[in-house]
Amino acid sequence: MLEIKFVRQNLSKVQKALSTRGETADFETFKDCDARRRTVLLEIEELRHRRNVVSEQIAGMKKEGKDANILVVEMRDVSARIKALDKSLSENEETINNILIRIPNIPHASVPAGKDDSENPIVRQIGKRTEFEFVPKAHWTLGESLGILDFDRASKITGARFPLYFGAGARMERALINFMLDIHTTEHGYKEVLPPFIVNRQSMINTGQLPKFAEDLFKLEGWDYFMIPTAEVPVTNIHQNEILNEDLLPIMYAAYTPCFRSEAGSYGKDTRGLIRQHQFNKVELVKFARPETSYDELEKLLNNAETILKRLELPYQIISLCTGDLGFSAAKTYDIEVWMPEQGVYREISSCSNFESFQARRANIRFRKKGKKGTELVHTLNGSGIAVGRTVAAILENYQQADGSVIIPEALRSYMGGKEVIRP
RNA sequence: GGAGAGAUGGCCGAGCUGGCUGAAGGCGCUCGCCUGCUAAGCGAGUGUGGGGUGAAAAUUCCACCGAGGGUUCGAAUCCCUCUCUCUCCGCCA
């Protein structure tokens, strides 16, 4: 959420920023309500002031045994008036809030302009695209023939877009989770967290999934609870309504969680394989940073995520999301895309964003600056470090052999009991 | 699921027979003093959000004692609903 004062004072700037995202909001209603809000507020505060003063008078008179009835009767009217104005004020504020809460974040100045994902510039490419002397197979073909992936049976258990791993496949998921968490906690300084996988409505609002994107979420029937679409939600909300100690910043968490997404609106896309599932595993990195350093922290976070792909020796590229492709809450986002040989494309495997104070304002996460009065909102950042299912898919495709076997990346072998190759 | 207790400022903790209590006291923190060093000691200050005036420093007003309603001229204090925490019983991996 943007600050109401900021929107009020920078109306055209906000409008312009939104249009670069291909978004708009009802600024006319905002302007009207905002102006009316302040008029009403002024009157309410005057009346309340009067009530406070007179109430004190009444108290004094009663103490002295005098009759205060005239004042009491007068105050009865004042209170009624306050009550009526209060009601109109809160309706007004609700209208304003409904507009504000649907306005996305303003892109950072360094974010490239562009209308959609076709205009995301490549920042860098690392590793040579894997080449084969045979026609490479898709990971689902390999996975099924190796007996480690079974989408048919998964659909019996639940339905389409759910994964079922066996043997070395299941082991590889577990190995990757441990591999990633170990690197981030021991080499990059993140604290490991294991959060709830189900969260309440407020947490979803705080990180920006609600109210706009309810259709992307799985909701629990009979509860106002939701399955998490990413660990970003529970982990960012760890510190909601807290004033953090400046000395502790940046706070860095690494969390493994499964993620649940309805994938509404993606019908027909990536219908096969591990790329687009309703349930997948992910290791997520989350930071709470000082505003002055948050963009440095974003670069570091991106490097931390890249380390995983480097160690696994998977070719990848970094793109910077353009204004039109930026997520709702993000001020800037880098995507990491891994090379998928069968389709011959780079596919998203991590998304690293700086949300600046957008989430912190909703979640009320602040810190106190040394030697300065008052509090300041922290900047929140997060990034996948990295998506586990897609990493399995990338390993299968990039490490496949002519005979249909798959070599296990060296860095991962110790996590898989020394196994070097997966054969049927 | 049943019975009971509780939720107060960065933290701990009074107040809860309604009226200078934004809130005692303590800790912490900041500044100053003192002191061979450290520790201790002394003094002052120290919540958040919003509105008005002001160039600013500042000043003033309003709100906030888990959340939301209600009673009242007036609510941290009384009533209702909800959320969470704790204790006992039941159930349970």
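Chain identifiers are assigned alphabetically (A, B, ...) following the order of the sequence lines, protein sequences preceding nucleic acid strands; residue numbering begins at 1 within each chain.
Side-chain proximity of A:S79 to the nucleotides B:G50, B:G74, B:U71 is greatest for B:G74. Residue A:R366 places its side chain closer to B:G49 than to any other of B:G50, B:C73, B:G49. In this structure, of B:C73, B:G52, B:U48, it is B:C73 that holds the atom nearest to the side chain of A:R76.
A search for salt bridge (Lys or Arg N to Asp or Glu O under 4.0 Å) contacts involving A:R413 returns nothing, not counting sequence neighbours. Not counting sequence neighbours, the partners of A:E43 by the salt bridge (Lys or Arg N to Asp or Glu O under 4.0 Å) test are A:R81. Here A:E3 pairs with nothing under the salt bridge (Lys or Arg N to Asp or Glu O under 4.0 Å) rule; sequence neighbours left out. When the salt bridge (Lys or Arg N to Asp or Glu O under 4.0 Å) test is applied to A:R8, the partners found at least two apart in sequence or on another chain are A:D34.
B:U71 and B:G49 have their P atoms separated by 31 Å, given to the nearest Å. Separation of the P atoms belonging to B:U17 and B:A5 is 15 Å when rounded to the nearest angstrom.
Every pair passing side-chain hydrogen bond (donor to acceptor under 3.5 Å, both in side chains) that includes a residue from residues 140-151 of chain A is listed here, sequence neighbours excluded: A:D150-A:R153. Sorted by first and then second residue, the pairs that involve residues 156-180 of chain A and meet side-chain hydrogen bond (donor to acceptor under 3.5 Å, both in side chains), not counting sequence neighbours, are A:Y165-A:E173, A:E173-A:N281.
Taking a cutoff of 4.0 Å between a charged side-chain nitrogen and a carboxylate oxygen, A:R276 and A:E263 qualify as a salt bridge. A salt bridge does not link A:R290 with A:D296: every distance from a Lys NZ or Arg NE/NH1/NH2 to an Asp or Glu carboxylate oxygen is 4.0 Å or more.
One distance of note links CG of A:L249 with OG of A:S294; it measures 11.5 Å at 0.5 Å rounding.
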Can you name the atoms? Protein N/O to nucleotides 84-86 of chain B N/O, anything below 3.5 Å, with the distance.
none

Could you list all N or O pairs between the protein and nucleotides 19-23 of chain B that sit under 3.5 Å apart?
residue: B:G19; atom: N2; partner: A:S55; partner atom: O; Å: 3.1

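Between A:Y415 and A:F179, the ring centre distance stays below 6.0 Å.
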Mind listing the side-chain donor-acceptor pairs of residues 61-69 of chain A below 3.5 Å, one per line with the distance, residues two or more places apart or on another chain?
residue: A:E64; atom: OE1; partner: A:K66; partner atom: NZ; Å: 3.1
residue: A:D67; atom: OD1; partner: A:N69; partner atom: N; Å: 3.1

For residues 189-198 of chain A, which side-chain donor-acceptor pairs fall under 3.5 Å, sequence neighbours excluded?
residue: A:Y190; atom: OH; partner: A:N304; partner atom: OD1; Å: 2.7

- Query: So what is the 5' to 3' dot-bracket string for RNA chain B, if pairs are Watson-Crick or G-U wobble with both distances under 3.5 Å, crossing pairs use [ ] and | means the partner sits on another strand?
  - Reply: ((((((((.[[[..)...(.....]]]((((((.......))))))(((((((....))))))).[[[[[..)....]]]]])))))))....

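Remark: the A:Y316 side chain and the A:E306 side chain contain an N/O donor-acceptor pair separated by less than 3.5 Å.
Using a 4.0 Å heavy-atom distance criterion, A:R201 is classed as making no nucleic acid contact.
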- Message: For a quick check, with a 4.0 angstrom heavy-atom cut-off, what is the B/S/- contact string for nucleotides 58-63 of chain B, read 5' to 3'?
- Response: ---BBS

